[in-house]
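Within every chain, numbering begins at 1; the chains are lettered A, B, ... in the order of the sequence lines, protein sequences first and strands thereafter.
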Amino acid sequence: MRSPDKYELVSELARRRGFFWPACEIYGGVSGFIAFGQLGTVLKRKIEDKFRERFLRRLGLYEIESPIILPGRVFEASGHVENFKEPMVECTRCKRKFRADHLLQESAGISSTEAEKMTLEEIGEAMESRGVKCPECGGDLAEPRYFLTMFQTTIGPYAEAVGYGRPEAAQGIFVEFRRLYEQARERLPMGVAQIGHALRNEISPRQGPIRLREFTIIDLEFFFDPEKPGCPLLGEVENEVLRLIPAEVRLKGSEEPIEITVKEALEKGYIKMEWLAFFMALAKRFLVELGVPEDKQRFIEKLAWERAHYSAQGFDQEVYLDRWGWTEVSGHNYRTDFDLKSHMEESGVDMRVFKEEGRVVERVETSVKPKMDVIGRDFRGDAPKVARLISKTSPEELEKSLEERGFYTLEGYKILPSHVEIVRKKRVERGRRFVPHVIEPSFGSDRLVYVVLEYAYTKKGSRTILKIPRDLAPIEVAVLPLVSRDGLPEKAREVHSTLISEGFLAEYDESGSIGRRYARFDEVGTPICITVDYQTLEDETVTLRDRDTWEQVRTEIGRLPQLLREYFRWEREFKDLGTPYRKP
RNA sequence: GCGGUCGUAGUCUAGCCUGGUCUAGGACGUCAGCCUGCCACGCUGAGGACCCGGGUUCAAAUCCCGGCGACCGCACCA
């Protein structure tokens, strides 16, 4: 018999202990949607908080929250309406649906790159001319139609107001760029993140939390001046070793990662932008802190035809999973100015920023100033109108006409040199306007939850221990009376409520034997169990038990809050939480 | 979407082929009580399931059809 793989073990535990499970089970479940339980929700939040700590707080970047549903034009501009779809074709007889491009590939021998480039009409024509029939019943196929993988809806009661559920949180940032830039006091580089739900109507989602129709995306859009692409923080990561599979290596047919420092990867041109490399290095460290060893991570460069429509260079950060092998946990794309430019064109709003610069360009500007005293005398009541017309006219044209012909005609009014004064002003341009470029690291937080659980899942004999990194544990400490009598429960409740008011995620449990309770808390990854025993009643000390080694130390109750705080910040190790304790 | 396998308490499973004896059995977990002096102790008790819908039949967990879902393979994953 096949032994269950880690996915099976982890999802069984996740369901049983309240991390996550398929949503809507009472109605049979819907694939592509999951619910997070009490432990999963806290774990997920702690993972996202770690992202906030590592990518936002430390770098001084911002987080925003914008709508999940956005008007159709946003996604027309972003290119999603155009690109986020697959050609489908229906059999007129048996009503089965197929991927039109795949049918073509299979039955007409057209390569996938070729098929991908074809328009809907071309696919339809090709299918007809080659006589492609339904592979199931041999019936005639209807005209191919696109299946949009965005969720479409209507906004308000008017059916014309089409809206879409966002397939990424990024557009919410681009759309608000002008205000965000202003609020960042017009400084570049600037990074804005958004952690929120995104929707993709996947054709066939599988794999539990790995591929969902509704999921939480962590998008960070980092804006910078394309003429100043250097990353001043590079020094912090330049010696970080990345396991990289560059496109050129893949094209030679190899998927063997090369181990290379960030610095070298930039020098050799594998990674084109410093900021891209910088965030990849942070992403690697982030995953290490989530419990994934370096050799279980790699970055694989996307080939030109695999990349999203907005991407000029892209790497997927992959983590090795027991069941699915190398699995994407984050994407790192150089989006250039694609998105801001597209929104600029669609909306007509200028998305450019202005930057002052060292080089100064001088230009002489000519303007025409109406002489109101003369105009008033000559035109009387029409004077204001004439003045307005003059200031709207091109100064160059007016000046030229006055020089060559001695007058200029404006809607029937004859303008003479005496009516105007030609003013020449030197204009100094101190900068330039440009559309910022964007580097985007993007994580799927549901996948990260799963990854943390899979890497934390360990067995000790028949017992399961979730070795979740201590700062991510959904229950941080458990307070347990050794036995449930003789005043021990009362004392333990006291310790518990102290820890609660000190801000710890603490649980109290007195049911069953002490060993059973230790086992229960091991299984949900609680790093420390505090046991109140008879000695506690005499000298106000308790034992602390380490989840991973089962070792114990003894400490005074009064020192717990401070010691534990240091422990959870990784400033103190378990053995330094007290004096070694051996059971009597 | 396609093909294959499958769907019984919180979890794992017996029963299904050969319809009735199933008021659906067990183990673990959960809850209550007793017990309990450091790693799932023991005892007593409680609660908890045939995926949904149709059909065949005197009778369906069991046979048939459809749906939904899960897993594996193919495809997809911007």
What's A/Ser462 touching, base or sugar-phosphate or nothing? Going by heavy atoms closer than 4.0 Å. nothing

When you match A/Arg554 and A/Arg200 each to their closest nucleotide on RNA chain B, which lands nearer the 5' end? A/Arg554

Rounded off to whole Å, could you give me the CD1-to-C1' distance for the A/Ile300 and B/rC77 pair? 14 Å

Taking only the side-chain nitrogens and oxygens of A/Arg15, find out if one of them lies under 4.0 Å from OP1 or OP2 of B/rU11. yes

Are the aromatic rings of A/Trp324 and A/Tyr7 close, with centres under 6.0 Å apart? yes

Once hydrogens and angles are ignored, does a donor-acceptor distance under 3.5 Å link the base of B/rU30 to the side chain of A/Ser511? no

Which residue in the set A/Lys467, A/Lys460, A/Arg463 passes side-chain hydrogen bond (donor to acceptor under 3.5 Å, both in side chains) when paired with A/Asp522? A/Arg463

CD of A/Glu214 versus C1' of B/rC77: gap in Å, rounded? 18 Å

Quantified in whole Å, what is the P atom distance between nucleotide B/rA49 and nucleotide B/rU23? 15 Å

How far does the C1' atom of B/rU13 sit from the matching atom of B/rC38, given to the nearest Å? 33 Å

Starting from the 5' end of RNA chain B, give me the residue, A/Ser31 or A/Lys302, whose nearest nucleotide shows up first. A/Ser31

So A/Ile514, base contact, sugar-phosphate only, or nothing? Heavy-atom distance under 4.0 Å. sugar-phosphate

Round to the nearest Å and state the distance from A/Asp509 atom CG to B/rU36 atom C1'. 14 Å

Remember a base hit wins even if backbone is also touched, and classify A/Arg463 as base, sugar-phosphate or nothing at under 4.0 Å, heavy atoms. base

All N/O donor-acceptor pairs, side-chain side in residues 37-44 of chain A, below 3.5 Å, sequence neighbours left out:
| from | atom 1 | to | atom 2 | distance (Å) |
| --- | --- | --- | --- | --- |
| A/Thr41 | OG1 | A/Gly37 | O | 2.7 |
| A/Lys44 | NZ | A/Thr216 | OG1 | 2.7 |
| A/Lys44 | NZ | A/Asp446 | OD2 | 3.2 |

Check the distance between B/rG10's P and A/Trp21's CH2 and give it to me in whole angstrom. 13 Å

I need the CD-P distance between A/Glu12 and B/rA9, as an integer number of Å. 13 Å

Nearest-nucleotide pick for A/Arg211, side chain only, options being B/rU11, B/rC77, B/rU36: B/rC77

Which nucleotide in B/rU11, B/rU36, B/rC71 has an atom nearest any side-chain atom of A/Val483: B/rU36

Rounded to the nearest angstrom, tell me the gap between atom CG in A/Leu212 and atom P in B/rA70. 11 Å

Partner of A/Arg166 under side-chain hydrogen bond (donor to acceptor under 3.5 Å, both in side chains), chosen from A/His80, A/His197, A/Gln171, A/Gln194: A/Gln194

Given atom CG of A/Asn201 and atom C1' of B/rG1, what is their separation to the nearest angstrom? 13 Å

B/rC77 base / A/Glu328 side chain donor-acceptor hit below 3.5 Å: no

Could you measure between the two P atoms, the one in B/rC51 and the one in B/rC6, and give it in whole Å? 14 Å

Any luck finding a side-chain donor-acceptor pair between A/Thr536 and A/Asp533 under 3.5 Å? yes

Contacts of A/His437 meeting ring-ring contact (aromatic ring centres under 6.0 Å, His included) (sequence neighbours excluded), chain-then-number -> A/Tyr334

If the cut-off is 4.0 Å, is A/Arg485 near the phosphate of B/rU36, judged by side-chain N/O to OP1 or OP2? yes

Distance, C1' atom - from B/rA9 to B/rG47, rounded to whole angstrom: 10 Å

Answer with yes or no whether the side chains of A/Arg520 and A/Ser511 bring together a donor and an acceptor at under 3.5 Å. yes

Using atom P in both nucleotides, what's the gap between B/rG7 and B/rC52 to the nearest angstrom? 14 Å

Using the side chain to side chain donor-acceptor pair (under 3.5 Å) rule, take A/Glu510 and A/Ser484 through it: C-alpha gap first, then chi angles, then the decisive distance, then the call. CA-CA 6 Å; A/Glu510 62 168 64; A/Ser484 54; 4.7 Å; no

Bracket string, RNA chain B, 5' to 3' - pairs by Watson-Crick or G-U geometry under 3.5 Å, | interstrand: (((((((..((((......[....)))).(((((.......)))))....(((((..]....))))))))))))....

List in chain and number order the residues that pass side chain to side chain donor-acceptor pair (under 3.5 Å) with A/Arg517, two or more places apart in sequence or in another chain; answer none if no residue qualifies. none

Inter-nucleotide C1' distance (B/rG73, B/rC12), Å rounded: 26 Å

Expressed as a whole number of angstroms, how long is the span from A/Glu510:CD to B/rU30:P? 14 Å

How far, in whole Å, is B/rC2 from B/rU11 if one measures between their P atoms? 28 Å

Polar contact flag, side-chain donor to acceptor under 3.5 angstrom, A/Tyr310-A/Ser78: no

From B/rC41, B/rC38, B/rU36, nucleotide with atom closest to A/Ser513 side chain: B/rC41

What contact category does A/Glu306 fall into here, base, sugar-phosphate, or nothing, at under 4.0 angstrom with non-hydrogen atoms? sugar-phosphate

Determine the Euclidean distance between corresponding P atoms of B/rC41 and B/rA60; express it in Å to zero decimal places. 44 Å

Only counting residues at least two apart or in another chain, list the ones meeting side-chain contact (heavy atoms from CB on, under 4.5 Å) with A/Asn83. A/His309

Where along residues 516-550 of chain A does a heavy atom fall under 4.0 Å from RNA chain B? A/Arg516, A/Tyr518, A/Ala519, A/Arg520, A/Thr531, A/Asp533, A/Tyr534, A/Thr543, A/Arg545, A/Trp550

Would you say the rings of A/Phe299 and A/Tyr270 are close, in the sense that their centroids are separated by under 6.0 Å? no

